[in-house]
Amino acid sequence: MLATLTEDRFSDPDWIFERKLDGVRCLARRDRRGRVQLHSRNDKDMSGTYPEIAEALSAAVGSAGTDLVVDGEVVAFEGRRTSFERLQGRLGLTDPDEARATGIAVFYYVFDILHLDGHDVRRLPNLTRKRVLRDALTFDDPLRYVTHRRTAGEEAFRAACERGDEGVIAKRSAAPYTGGRSKDWLKFKCVRDQELVVGGWTNPRGSRSGFGALLVGYYDSDTLVYAGKVGTGFDGRLLHAVKDELDRLAADDSPFGRGRVTGKDVHWVRPELVAQIAFTEWTRDGRLRHPRFQGLRTDKAARDVVREQR
DNA sequence: TTCCGACAGTGGGGTCGCAAT
DNA sequence: ATTGCGACCCCACTATCGGAA
């Protein structure tokens with residue numbers, strides 16, 4: 001069951017609000033003999049990737065039963081914030097010993113239950129399932145129960161962004177657990193945006209026209225620092241309009257003074273265009289995560305574009 | 001008729017693993 | 001030893017089409 005992104009922030013007595021954690025989605029099954037299997041959203045086996053979670057689940061028998069299927073998020077922390085970047089150090093590993101040897105501590109935040117003691121509980125109301133879940137397991141690290149609040153969705157969202165969380169998930173209290181994306185689960189995502197200077201572009205591929213992505217950066221003193229590519233957020237007309245501007249500014253050499261630009265099929269332009277870019281966060285390597293184009297800005301000089309803090 | 005949901009296709013950062021260089 | 005590539009994770013977004021409203 002997946003959540004639908006929305007711009008609407010609200011409170012409603014028929015909805016509950018949970019923290020949105022930045023990690024990896026994980027479905028866990030435990031059979032009567034205590035054997036546990038962890039599965040990714042694409043049904044890949046992750047039991048070897050997070051052996052301590054499988055172990056904990058095997059031992060965490062609550063008051064209400066033994067075999068079960070639960071849903072949650074595997075996360076790693078960087079300070080107080082959940083960090084997908086840190087978790088990535090374990091993502092590809094399938095050998096339990098190697099996974100443990102990374103030293104990256106992981107936690108399993110469980111927020112839903114699908115089956116318990118041979119019963120399919122997916123059609124029970126969400127709030128009821130949460131109560132069932134609470135009794136079905138014992139929650140000791142690395143297992144954690146995802147708490148919820150029933151009021152002040154807007155305030156929860158504001159506080160989440162303030163804390164550096166990814167956002168808030170709103171869930172309809174009475175909703176069953178269904179397959180696929182549902183409007184009974186909504187994502188309030190914290191968004192960041194800033195202006196960036198366009199310094200180049202890449203070739204389009206396949207059926208794409210105009211260009212593939214823009215190469216963008218910001219000024220640090222007199223140096224234009226590369227900050228990554230932006231390849232989504234354009235419709236057909238915008239692709240051509242922006243491409244015309246790029247052709248007008250064509251240059252032979254890279255304007256970037258810092259940051260290695262990877263990939264072939266790269267073309268440079270004089271750094272004069274300023275684009276408004278939305279994204280989720282800066283990566284450790286100083287790149288934009290989940291970048292998307294929001295428009296060109298004509299009211300700001302390229303030379304004044306700097307990296308905004310945080 | 002209009003709107004919505006699902007899908008395919010394009011684009012991003014980052015990591016690991018493996019083959020080619 | 002280095003580089004390139006695909007397969008995974010996390011996505012955002014546009015275009016399209018068929019069925020629901």
Side-chain angles (χ1 to χ4, degrees), chain A residues 1-7 20-27 38-50 73-76 78 81-95 98-99 101-102 104 106 165-167 169 178-187 189-193 196 198 200-217 226-243 259-266 275-295:
Chain A
M1 185 164 181
L2 301 169
T4 303
L5 183 63
T6 179
E7 299 305 316
K20 175 156 171 48
L21 301 160
D22 193 10
V24 175
R25 190 66 176 275
C26 177
L27 230 63
L38 307 178
H39 291 279
S40 78
R41 219 160 68 174
N42 296 339
D43 218 31
K44 299 278 179 255
D45 186 88
M46 304 195 297
S47 313
T49 313
Y50 310 109
E73 189 93 356
V74 174
V75 304
E78 188 79 65
R81 300 184 53 197
T82 56
S83 169
F84 181 75
E85 199 151 20
R86 190 155 154 70
L87 185 62
Q88 272 182 305
R90 291 186 66 155
L91 283 191
L93 306 176
T94 51
D95 178 66
E98 262 180 66
T102 59
I104 299 167
V106 292
D165 277 1
E166 213 194 351
I169 299 281
T178 57
R181 206 166 289 280
S182 165
K183 293 223 159 161
D184 290 333
W185 287 11
L186 297 173
K187 268 187 282 195
K189 282 199 80 173
C190 303
V191 177
R192 307 172 60 179
D193 55 66
L196 289 156
V198 180
W201 52 281
T202 59
N203 286 339
R205 289 191 300 217
S207 60
R208 175 79 161 224
S209 61
F211 58 91
L214 300 176
L215 312 177
V216 297
Y226 178 62
K229 299 176 197 170
V230 185
T232 192
F234 316 94
D235 58 21
R237 190 190 329 191
L238 207 43
L239 278 169
H240 286 107
V242 174
K243 180 59 162 48
R260 184 155 163 266
V261 182
T262 54
K264 318 175 289 291
D265 304 333
V266 168
Q276 183 77 18
I277 307 297
F279 59 104
T280 50
E281 64 181 351
W282 290 97
T283 71
R284 190 186 301 152
D285 296 339
R287 303 288 163 80
L288 304 165
R289 181 166 176 225
H290 305 152
R292 57 269 193 194
F293 181 84
Q294 297 195 305

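Hydrogens, waters and symmetry mates are skipped; everything else that's a heavy atom, side chains included, is used. Letters A, B, ... mirror the listed sequences (proteins, then strands); counts begin at 1. On a predicted model such as this, the values are computed, not experimentally measured, just so you know.
The residue among A:E73 and A:F293 whose nearest nucleotide of DNA chain C is located toward the 5' end is A:E73. Ranked by how close their nearest DNA chain B nucleotide is to the 5' end, A:F211 and A:G286 are led by A:F211. Taking for each of A:G228 and A:L93 the nucleotide of DNA chain B with the nearest heavy atom, the 5'-most of the two is the partner of A:G228.
Using a 4.0 Å heavy-atom cutoff across all strands shown, A:T280 reaches no nucleic acid atom at all. Here A:D285 lies in heavy-atom contact (under 4.0 Å) with sugar-phosphate atoms only. Nucleic acid contact class of A:E98 (heavy atoms, under 4.0 Å, all strands): sugar-phosphate only. Within 4.0 Å (heavy atoms only), A:G23 reaches sugar-phosphate atoms of the nucleic acid but no base atom. Heavy atoms of A:F234 sit under 4.0 angstrom from primed sugar atoms or phosphate atoms, though from no base atom. A:R90 comes within 4.0 angstrom of no nucleic acid atom, judged by non-hydrogen atoms across all strands.
Between the side chain of A:R90 and the backbone N or O of A:T49, at least one donor-acceptor pair lies under 3.5 Å.
Between A:R181 and C:dC11, a side-chain N or O to OP1/OP2 separation shorter than 4.0 Å is absent. A:T232 has no side-chain polar atom (N or O) that falls below the 4.0 Å cut-off from OP1 or OP2 of C:dC11. Using a 4.0 Å cut-off, some side-chain N or O of A:R292 falls inside it from OP1 or OP2 of C:dC13. Regarding contacts with the backbone of B:dC4, every side-chain N or O of A:K183 stays at 4.0 angstrom or more from both OP1 and OP2.
In this structure, A:I277 atom CD1 and C:dC11 atom P are separated by 20 Å, rounded to whole Å. Look at CG on A:L38: it is 15 Å from C1' on C:dC9, rounded to the nearest Å. One can place CZ of A:R208 at 12 Å from C1' of C:dA15, the figure rounded to the nearest angstrom. Taking atom CG of residue A:L214 and atom P of nucleotide B:dG13, one finds them 12 Å apart after rounding to whole Å. Atom P of nucleotide C:dC11 and atom CG of A:L87 are separated by 12 Å, given to the nearest angstrom. Distance CG (A:D265) to C1' (B:dT10): 15 Å, rounded to an integer number of Å. One atom, CG of A:L91, and another, P of C:dC9, lie 8 Å apart when rounded to the nearest Å. For A:K189 and C:dC13, the NZ to C1' distance is 13 Å, given to the nearest whole Å.
Residue A:R284 places its side chain closer to B:dT15 than to any other of B:dT10, C:dC10, B:dT15. The side chain of A:T283 has B:dG13 as its nearest neighbour among C:dC11, B:dG13, C:dA12. With B:dG13, C:dC9, C:dC11 as the candidates, the nucleotide lying closest to the side chain of A:V24 is C:dC9. When each of C:dA12, B:dG14, B:dG11 is scored by its nearest atom to the side-chain atoms of A:E85, the top-ranked nucleotide is B:dG14. Residue A:R41 places its side chain closer to C:dC10 than to any other of B:dC16, C:dC10, B:dT10. Closest to the side chain of A:R287, from the set B:dG14, C:dC11, C:dC10, is B:dG14. Proximity note for A:A213 (side chain, C-beta onward) versus B:dC16, C:dC11, B:dG11: the nearest is B:dG11. In the set C:dA15, B:dG9, B:dG13, C:dA15 carries the atom at the smallest distance from any side-chain atom of A:D235.
With contacts defined as side-chain heavy-atom distances shorter than 4.5 Å, the pair A:R289/A:F279 does not qualify. Inter-residue side-chain proximity for A:T4 and A:K187 is flagged as unmet; no heavy-atom pair is nearer than 4.5 Å. Side-chain contact check for A:V242 versus A:W201: every heavy-atom pair is 4.5 Å or farther apart. A:L196 has its side chain out of reach of A:V230: every pair of non-hydrogen atoms, C-beta onward, lies at least 4.5 Å apart.
Rounded to 10°, the angle separating the first-five-pair axis and the last-five-pair axis of the helix from B:dA8-C:dT14 to B:dT21-C:dA1 equals 30°.
The two residues A:C190 and A:D165 come nearest to each other via the heavy atoms SG-O, 3.8 Å. For the pair A:G23 and A:F84, the tightest heavy-atom approach, listed with the atom from each and the gap, is O-CD1, 3.7 Å.
Inspection of the A:S47 and A:D45 side chains reveals an N or O donor paired with an N or O acceptor under 3.5 Å.
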### Task
Test side chain to side chain contact (heavy atoms under 4.5 Å, CB included) on A:L87 and A:V75 and set out the steps.
CA-CA 7 Å; A:L87 185 62; A:V75 304; 5.6 Å; no
